[in-house]
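Okay, structure first, notes after.
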Amino acid sequence: HVFDLRSGEACAAACARMLEAGPVQVIVNNAGVHDDAVLPGMRAEQWHKVIDISLNGFFRVTQPLLLPMLRTRWGRVLNISLVAALGVD
């Protein structure tokens, strides 16, 4: 399924298409975008793009698929992060 994670309408339509075949048992959240910079040099539009895809995209896909999954009493949600999410020691 290909759709724009930044669009709530596109995500809702894609999730509805996925659910036509029944509950989704495995969700792999692996979307991300590399349009970032060190915070002092980051433009607001870069910040919003990264957050919208990485965090809001996760919500827009996982939330509508989760309740049907829970009703089956089985399923998995895998969240894969960018290496940039690792903290500095």
Side-chain angles (χ1 to χ4, degrees):
H1 299 274
V2 178
F3 53 96
D4 183 358
L5 283 172
R6 294 186 292 175
S7 166
E9 295 79 21
C11 289
C15 289
R17 285 191 305 274
M18 287 182 232
L19 290 170
E20 287 174 359
V24 173
Q25 297 304 137
V26 178
I27 302 168
V28 179
N29 292 301
N30 189 35
V33 62
H34 183 72
D35 187 19
D36 55 344
V38 293
L39 193 58
M42 184 178 273
R43 297 183 320 275
E45 58 269 12
Q46 287 175 289
W47 172 261
H48 292 292
K49 181 179 179 182
V50 170
I51 294 300
D52 208 23
I53 292 172
S54 298
L55 295 178
N56 295 331
F58 157 81
F59 177 81
R60 289 180 186 126
V61 172
T62 305
Q63 195 265 348
L65 299 178
L66 199 55
L67 188 56
M69 178 192 291
L70 289 172
R71 288 185 182 128
T72 70
R73 302 182 61 80
W74 193 94
R76 299 292 184 266
V77 178
L78 305 171
N79 297 310
I80 300 172
S81 176
L82 298 170
V83 70
L86 296 175
V88 177
D89 292 330

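These numbers come from a predicted model, not from an experiment.
Under a hydrophobic-cluster definition in which Ile, Leu, Val, Met, Phe, Trp and Tyr are linked whenever side-chain heavy atoms come within less than 4.5 Å, directly or via other members, Leu5 and Phe59 are assigned to different clusters. At a threshold of 4.5 Å between side-chain heavy atoms, the hydrophobic network of Ile, Leu, Val, Met, Phe, Trp and Tyr places Met42 and Leu55 in one connected group. Ile53 and Phe58 are members of different hydrophobic clusters when ILVMFWY side chains are connected at heavy-atom separations under 4.5 Å.
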N/O donor to acceptor pairs below 3.5 angstrom from side-chain atoms of residues 11-28, sequence neighbours left out:
residue, atom, partner, partner atom, Å
Gln25, OE1, Thr72, OG1, 3.4
Gln25, NE2, Thr72, OG1, 3.1
Gln25, NE2, Trp74, O, 2.5

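Residues passing the salt bridge (Lys or Arg N to Asp or Glu O under 4.0 Å) test with Glu45, sequence neighbours excluded: Arg43.
With salt bridges taken as basic N to acidic carboxylate O contacts below 4.0 Å, none links Asp4 and Arg60.
Residue Ser81 holds its OG atom at 11.5 Å from CG of Asn29, rounded to the nearest 0.5 Å.
Between Ala10 and Ser7, the shortest heavy-atom distance links the atoms N-OG, 3.0 Å.
Only one option out of Asn56, Val33, Asp52 pairs with Arg6 in a side-chain contact (heavy atoms from CB on, under 4.5 Å); it is Asp52.
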